[in-house]
Amino acid sequence: MKVIHLSVTGRVQGVGYRAFVEREAKARGLEGWVRNRRDGSVEAVVAGEADKIDALIAACRNGPPASQVENIEQKDAGHGELDSRNAGERFSVLPTT
C-alpha cells in the first residue's frame with residue numbers, strides 16, 4: 001500500500017473541492033482524509049494501490065467544475081498520517097487547519 005500527501009493550490013476552496021476529492025477517493029477504494037488550509041490550499045493524505053492513487057491525482061488536476069487547479073505537490077507519506085481520520089471512517093473530510 002502506498003501513502004501520499006497532496007497539497008493542491010489554485011481556486012480550490014468554496015467550490016466543492018473537498019467533497020470532490022472524497023467522492024473520487026471512495027470510488028477508487030482509497031483511504032485517507034482531505035481538509036482546507038488557512039492559506040487557501042487543500043491538503044490530502046491518500047493510501048491505496050499506486051495506480052488508483054495516480055488516477056485520483058489525474059482527476060484532482062481537473063477538480064469540480066468551479067475549481068481552477070494551479071498546482072498539485074505530491075510527496076510520500078507514512079501510514080501514521082492516516083491517523084487524523086475520524087474514528088471508524090475510511091476517508092474523512094477534516095476541519096480547516
Side-chain angles (χ1 to χ4, degrees):
M1 181 189 296
K2 182 176 179 178
V3 184
I4 61 155
H5 180 271
L6 302 173
S7 180
V8 186
T9 57
R11 186 174 9 143
V12 292
Q13 291 191 13
V15 294
Y17 199 87
R18 288 177 302 164
F20 172 84
V21 173
E22 177 187 30
R23 187 171 51 253
E24 293 290 324
K26 286 181 173 179
R28 291 170 172 78
L30 298 171
E31 299 179 47
W33 54 263
V34 63
R35 66 181 167 201
N36 284 342
R37 298 294 308 234
R38 287 192 179 93
D39 66 3
S41 67
V42 170
E43 174 184 34
V45 171
V46 184
E49 296 174 23
D51 60 329
K52 292 181 180 181
I53 291 174
D54 291 343
L56 173 70
I57 293 169
C60 286
R61 291 194 190 288
N62 293 322
S67 70
Q68 185 174 7
V69 176
E70 292 176 3
N71 189 44
I72 298 179
E73 290 184 20
Q74 172 186 341
K75 63 182 180 181
D76 290 335
H79 284 89
E81 291 192 54
L82 294 170
D83 293 345
S84 295
R85 288 180 291 183
N86 295 325
E89 293 183 352
R90 288 182 50 83
F91 200 92
S92 298
V93 176
L94 300 177
T96 301
T97 60

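As a basis for the values below, the full set of heavy atoms in this structure was taken, side chains included, without hydrogen atoms, waters or symmetry mates. Nothing fancy with the numbering, it's 1 onward along the sequence.
Listed by chain and number, the residues in a salt bridge (charged side-chain N to carboxylate O under 4.0 Å, His left out) with Arg85 are Glu31 (sequence neighbours excluded). In this structure Glu22 satisfies the salt bridge (charged side-chain N to carboxylate O under 4.0 Å, His left out) test together with Lys26, sequence neighbours excluded. With sequence neighbours left out, Glu24 forms a salt bridge (charged side-chain N to carboxylate O under 4.0 Å, His left out) with Arg28. Checked against side chain to side chain donor-acceptor pair (under 3.5 Å), Asp83 has no partners two or more places apart in sequence or in another chain.
Between atom CG of residue Leu30 and atom CE of residue Met1 there is a gap of 9.0 Å, rounded to the nearest 0.5 Å.
Hydrophobic cluster membership differs between Leu6 and Val45, with clusters built from Ile, Leu, Val, Met, Phe, Trp and Tyr side chains linked at under 4.5 angstrom. Following chains of ILVMFWY side-chain contacts shorter than 4.5 Å, one can reach Val34 starting from Val46, so the two form part of one hydrophobic cluster.
Heavy-atom minimum distance, Val42 versus Val12: CG2-O, 3.4 Å.
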All N/O donor-acceptor pairs, side-chain side in residues 55-80, below 3.5 Å, sequence neighbours left out:
| unit_1 | atom_1 | unit_2 | atom_2 | d |
| --- | --- | --- | --- | --- |
| Ser67 | OG | Asn62 | O | 3.4 |
| Ser67 | OG | Pro64 | O | 2.7 |
| Gln68 | OE1 | Arg11 | NH2 | 3.1 |

Between side-chain atoms of residues 87-97 and protein atoms elsewhere (two or more places apart, or another chain), which donor-acceptor pairs fall under 3.5 Å?
| unit_1 | atom_1 | unit_2 | atom_2 | d |
| --- | --- | --- | --- | --- |
| Glu89 | OE1 | Asn86 | ND2 | 3.2 |
| Glu89 | OE1 | Ser92 | OG | 2.5 |
| Arg90 | NH2 | Gly29 | O | 3.1 |
| Ser92 | OG | Asn86 | N | 2.9 |
| Thr97 | OG1 | Arg35 | NE | 3.4 |
| Thr97 | OG1 | Arg37 | NE | 3.2 |

